[in-house]
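Worth saying up front: this structure is predicted, and the values here are computed from it rather than measured. The figures that follow rest on heavy atoms only: side chains count, while hydrogens, waters and symmetry mates do not. Chain letters run A, B, ... following the sequence lines, proteins first and then strands; every chain starts at 1.
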There are 2 protein chains.
Amino acid sequence: MKKKSEIPECIQKCGVEYAFKRIGGKYKGRILWHLGLQKVLRYGELSRTLPDITTKMLTQTLRELEDDKLIIRKMYHEVPPKVEYSLSDTGWELMPFIEHLHNWGKKQLETESVGPAAGS
Amino acid sequence: MKKKSEIPECIQKCGVEYAFKRIGGKYKGRILWHLGLQKVLRYGELSRTLPDITTKMLTQTLRELEDDKLIIRKMYHEVPPKVEYSLSDTGWELMPFIEHLHNWGKKQLETESVGPAAGS
DNA sequence: CGGAATCCACGGCGATACTG
DNA sequence: CAGTATCGCCGTGGATTCCG
């Protein structure tokens with residue numbers, strides 16, 4: 001049995017708690033963000049897009065996202081193997097907010113570091 | 001001594017990374033959410049609103065949020081002591097995001113509960 | 001190519017006790 | 001009332017190796 005994000009009943013009322021558990025990991029936001037931008041990405045492409053994520057974490061995070069029905073994993077039984085990841089409908093519902101967050105983050109970065117504001 | 005792979009600064013400037021670091025803690029989202037609802041809350045009120053947070057974590061999280069200029073700490077030098085927390089302007093900019101996240105989370109909870117009744 | 005498996009370091013976080 | 005301080009667990013995530 002897979003241990004996916006479990007939610008203590010007493011806190012469910014918040015919804016924020018729940019949402020953060022599903023997208024609040026260290027990398028989930030970025031993965032969702034890039035999937036939202038590129039529509040569909042292969043494992044290797046994700047790995048290259050997010051070079052600081054180890055294969056373990058990438059796989060693990062993708063599994064959790066898939067488990068939570070936020071992304072779709074499409075596997076081709078070929079040689080060489082090929083796996084494509086894309087957002088599910090539920091995942092797409094998050095994009096406006098992640099985009100909002102992205103803009104907010106960029107704005108904060110520029111505001112706080114007047115210096116080397118290397119563009120996104 | 002092994003050199004820990006440094007993260008090129010050019011990578012995670014996507015803003016999402018930054019934003020998640022700011023609000024991605026275990027409790028930050030909920031604290032911001034409740035501050036957004038109640039406008040202003042005292043330390044004890046926050047503690048009662050979020051009973052599962054220890055004083056240590058509450059204080060620590062509030063400090064980080066204050067450090068990040070997301071909330072404002074207003075202290076009254078009285079006896080007994082009194083401290084009020086509220087959202088800063090920057091913090092308020094996040095509310096649309098958190099609010100929608102809240103709605104999304106609630107919706108997911110409902111969908112999930114009527115969905116696969118795989119009792120856990 | 002796209003993982004899975006293992007080992008391990010770190011720090012987030014909880015529990016508890018104390019303070020101004 | 002509103003914190004601080006200390007100890008320590010354990011989950012998160014990193015590095016590395018192996019597999020279909």
### Query
Any side-chain N or O of R42(B) less than 4.0 Å from the OP1 or OP2 oxygen of dG3(D)?
no
### Task
Using heavy atoms to find the nearest nucleotide of DNA chain D for R63(B) and R48(B) separately, return the residue whose nucleotide is more 5′.
R48(B)
### Message
So, under a plain 3.5 Å distance rule, would you say the side chain of T54(A) forms a donor-acceptor pair with the base of dT16(D)?
### Response
no
## Note on the structure
I31(A) atom CD1 is separated from dG13(D) atom P, nearest whole Å, by 11 Å
### Message
Please report the distance, rounded to the nearest Å, between CD in E84(B) and P in dG3(D).
### Response
12 Å
### Query
Where the side chain of P80(B) is concerned, which of dC1(D), dG14(C), dG2(C) is the nearest nucleotide?
dC1(D)
## Note on the structure
Side-chain atoms of M57(A) come closest, of dG14(C), dT16(C), dG13(D), to dG13(D)
### Message
Does T59(B) reach a base, just sugar-phosphate, or nothing at all? Heavy atoms under 4.0 Å.
### Response
base
### Task
Round to the nearest Å and state the distance from K82(A) atom NZ to dG3(C) atom P.
13 Å
### Query
Rounded to the nearest 0.5 Å, how far does CG of L35(B) lie from CE of M95(B)?
8.5 Å
### Query
For dT4(D), does OP1 or OP2 lie under 4.0 Å from any side-chain N or O of Y43(B)?
no
### Cation over ring face, R22(B) and F20(B), 6.0 Å, 45°
no
### Query
Would you say E66(A)'s side chain and R63(A)'s backbone share a donor-acceptor pair under 3.5 angstrom?
no
### Task
Return the 5'-most residue of the pair T55(B), T61(B) with respect to DNA chain C, ranking by each residue's nearest nucleotide.
T61(B)
### Rounded distance (Å) that lies between atom C1' of dC1(D) and atom CD of E45(B)
12 Å
#### Entry: Nearest-angstrom distance from the residue atom CG of L58(B) to C1' of dC13(C)
13 Å
### Message
Measure NZ/K26(A) against P/dG12(C) and give the value in whole Å, please.
### Response
10 Å
### Message
Would you compute the distance between atom CG of N103(A) and atom CG of L101(A) and round it to the nearest 0.5 angstrom?
### Response
9.0 Å
### Message
If you compare every side-chain N and O of Y85(A) against the phosphate oxygens of dG3(C) (OP1, OP2), does one of them come in below 4.0 Å?
### Response
yes
### Query
Rounded to whole angstrom units, what separation is found between the CD atom of Q60(B) and the P atom of dC7(D)?
17 Å
### Query
Starting at NZ of K56(B) and ending at P of dG12(C), how long is that distance when rounded to a whole Å?
9 Å
### Query
Looking at CD1 of I71(A) and OG of S88(A), how far apart are the two atoms once the value is rounded to the nearest 0.5 Å?
8.5 Å
### Task
Check every strand shown and say whether Y76(B) touches a base, only sugar-phosphate, or nothing at a heavy-atom separation below 4.0 Å.
nothing
### Task
Would you indicate which nucleotide in dA2(D), dA4(C), dG2(C) comes nearest to any side-chain atom of V83(B)?
dA2(D)
